[in-house]
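Okay, structure first, notes after.
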Amino acid sequence: MKKLASIAIITITLFVLACKTDKKEKSMPEPMAQESNLIGEEVTYATDTTSMKGYLVYDSSISGNRPGILVVHEWWGHNDYTRERARMLAEMGYTALAVDMYGDGKQALHPDDAGKFSGMVMRNIDAAKARFDAALELLKSQSTVDSTKIAAIGYCFGGSVVLTMANAGKDLDAVAAFHSGVQLPIMPNEGIKARVLVCNGAADPFVSEESIKAFKEAMDASGADYEYIAYEGAQHAFTSKDADSLGQKFNLPLAYQEKADLESWQELKELLNETFNK
């Protein structure tokens with residue numbers, strides 16, 4: 001009987017303690033979710049021949065209009081990575097539009113398709129200009145955008161696109177290209193209006209020394225305001241955290257490098273601050 005009584009006392013004690021613990025846990029306030037003032041929305045726009053799907057994002061807590069930034073995707077197409085960069089720009093106080101250069105929001109799941117899609121755009125420069133212009137006009141028309149203050153950034157294929165559009169004399173205040181080819185359909189010339197930043201990996205096998213030399217010589221001859229930065233040891237796609245897995249999956253020389261990623265983003269911030277006097 002004493003043994004049973006002892007067991008009963010222990011059981012009751014444990015039950016009481018458990019109840020107290022449960023009440024204590026329930027009485028603790030739940031952590032507050034951090035509110036975001038970012039407003040993101042799907043947008044559609046078109047040329048005479050192609051319908052495109054973009055993503056527009058801005059900070060609703062900021063009053064009045066602000067500079068607008070176009071974000072052009074890698075050769076994989078308009079995906080979450082492009083939207084993430086657009087949101088980062090919105091957090092900095094800009095209105096950003098992640099554009100669609102392929103049409104219908106098309107994405108590539110294999111490098112063969114990515115090469116095919118990007119090649120079709122870059123080989124048909126008139127169509128590329130029309131698609132870029134459609135995105136540019138959409139961005140300028142937004143109530144949150146100062147249409148006199150526009151920049152464009154791009155990654156990989158997208159970097160080549162924004163550099164080409166700057167060389168074509170598009171009405172852009174600044175462009176920034178990350179891990180981008182510099183052998184372009186339209187090479188630098190005196191028609192460039194934008195300030196230009198190129199952030200590439202010094203170990204990127206897709207960007208030859210010959211093409212870099214030709215690009216710099218053309219930029220110098222044009223009298224453009226530009227900076228070319230090569231990050232030591234950085235390979236292609238160094239800003240993308242998916243680069244390692246994609247490189248392994250498709251046996252491509254892709255690799256994320258945090259140092260180059262952070263430093264190149266800081267360079268972009270400084271370019272935009274200096275350009276728009278923020």
Side-chain angles (χ1 to χ4, degrees), residues 29-46 51-74 76-102 104-107 131-132 134-159 161-162 172-179 197 199 237-243 256 258 261-278:
E30 292 291 331
M32 294 292 289
Q34 187 174 0
E35 292 186 8
S36 173
N37 294 311
L38 296 188
I39 302 294
E41 58 181 315
E42 307 278 346
V43 292
T44 58
Y45 57 103
S51 175
M52 290 158 288
K53 298 178 181 178
Y55 176 75
L56 184 76
V57 59
Y58 61 93
D59 186 337
S60 61
S61 69
I62 299 175
S63 60
N65 52 23
R66 67 216 72 172
I69 317 288
L70 295 173
V71 185
V72 187
H73 52 79
E74 298 175 288
W76 303 111
H78 177 128
N79 55 20
D80 289 340
Y81 177 72
T82 314
R83 295 181 176 213
E84 176 190 352
R85 291 295 179 178
R87 287 191 291 270
M88 290 170 69
L89 288 165
E91 288 171 350
M92 289 162 54
Y94 303 102
T95 293
L97 173 61
V99 309
D100 170 19
M101 289 298 293
Y102 292 164
D104 296 320
K106 184 165 53 181
Q107 295 183 36
R131 295 178 187 185
F132 188 87
L136 183 60
E137 290 309 309
L138 174 65
L139 180 64
K140 285 183 174 183
S141 71
Q142 300 304 307
S143 61
T144 60
V145 172
D146 180 344
S147 62
T148 67
K149 296 180 178 180
I150 304 292
I153 73 171
Y155 296 84
C156 183
F157 158 79
V161 168
V162 300
L172 300 166
D173 295 295
V175 300
F178 302 84
H179 36 89
L197 170 67
C199 296
F238 63 81
T239 68
S240 173
K241 293 180 180 178
D242 291 333
Y256 176 68
E258 183 179 34
D261 178 23
L262 296 177
E263 289 182 1
S264 61
W265 190 254
Q266 183 60 37
E267 292 288 346
L268 172 65
K269 287 182 178 180
E270 292 175 7
L271 172 69
L272 297 177
N273 285 338
E274 292 170 4
T275 301
F276 299 124
N277 299 313
K278 289 175 64 67

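We number each residue from 1, following the sequence as shown.
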Can you label the angle between the Tyr81 ring and the Tyr155 ring as parallel, tilted or perpendicular, going by 30° and 60°? perpendicular

The side chain to side chain donor-acceptor pair (under 3.5 Å) partners of Glu84 (sequence neighbours excluded) come to none

- With Tyr45 via side chain to side chain donor-acceptor pair (under 3.5 Å) - residues at least two apart: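 For Tyr45, no residue satisfies side chain to side chain donor-acceptor pair (under 3.5 Å) once neighbours in sequence are set aside.
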
For Tyr102 and Gln107, run side chain to side chain contact (heavy atoms under 4.5 Å, CB included): C-alpha distance rounded to whole Å, both residues' side-chain angles, the deciding distance at 0.1 Å, then the answer.
-> CA-CA 8 Å; Tyr102 292 164; Gln107 295 183 36; over 6 Å; no

[X] to [Y] - nearest heavy-atom pair and separation:
| X | Y | value |
| --- | --- | --- |
| Cys199 | Glu267 | SG-CB, 4.4 Å |
| Gly158 | Val72 | CA-CG1, 3.5 Å |
| Ala98 | Thr82 | CB-CG2, 3.7 Å |
| Ala135 | Val99 | CB-CG1, 3.6 Å |
| Ala86 | Ala96 | O-CB, 3.4 Å |
| Thr275 | Ala174 | OG1-CB, 3.9 Å |

4.5 Å side-chain heavy-atom contact, Arg66 and Thr144:
yes

Residues that [X] engages under side-chain contact (heavy atoms from CB on, under 4.5 Å), provided they are two or more places apart:
| X | result |
| --- | --- |
| Glu42 | Arg83 |
| Ala90 | Leu38, Val57 |
| Lys241 | Tyr256 |

Working to the nearest 0.5 angstrom, can you tell me the gap between [X] [atom1] and [Y] [atom2]?
| X | Y | atom1 | atom2 | answer |
| --- | --- | --- | --- | --- |
| Arg87 | Asp80 | CZ | CG | 7.0 Å |
| Leu197 | Leu272 | CG | CG | 9.0 Å |
| Ile153 | Leu172 | CD1 | CG | 12.5 Å |
| Leu89 | Leu97 | CG | CG | 11.0 Å |
| Asn65 | Thr95 | CG | OG1 | 8.5 Å |
| Tyr58 | Glu41 | OH | CD | 6.0 Å |

Practice item. Test side chain to side chain contact (heavy atoms under 4.5 Å, CB included) on His78 and Lys53 and set out the steps. Key: CA-CA 8 Å; His78 177 128; Lys53 298 178 181 178; over 6 Å; no

(request) Please test Leu70 against Phe132 for side chain to side chain contact (heavy atoms under 4.5 Å, CB included), starting from the C-alpha separation and ending with a verdict. (result) CA-CA 9 Å; Leu70 295 173; Phe132 188 87; 3.6 Å; yes

Check the pair Phe178 / Leu268 against side chain to side chain contact (heavy atoms under 4.5 Å, CB included), numbers first and verdict last.
CA-CA 10 Å; Phe178 302 84; Leu268 172 65; 4.0 Å; yes

Answer yes when Arg131 and Asp104 have at least one side-chain N-carboxylate O distance shorter than 4.0 Å, and no when they do not.
no

query: Got a sec, which residues hit salt bridge (charged side-chain N to carboxylate O under 4.0 Å, His left out) with Asp59, two or more places apart in sequence or on another chain?
result: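 Asp59: no salt bridge (charged side-chain N to carboxylate O under 4.0 Å, His left out) contacts found.
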
So does Asp261 get a backbone contact from the side chain of Thr239, meaning a donor-acceptor N/O pair under 3.5 Å?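 Not confirmed, Thr239 side chain does not pair with Asp261 backbone.
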
**Study point:** Whether Gln142 side chain and Leu138 backbone form a donor-acceptor pair below 3.5 Å
**Key:**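 A pair under 3.5 Å: yes.
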
- Query: Is Lys140 atom NZ crowded by more than 12 heavy atoms from other residues, nucleotides or ligands, each under 6.0 Å away?
  - Reply: yes

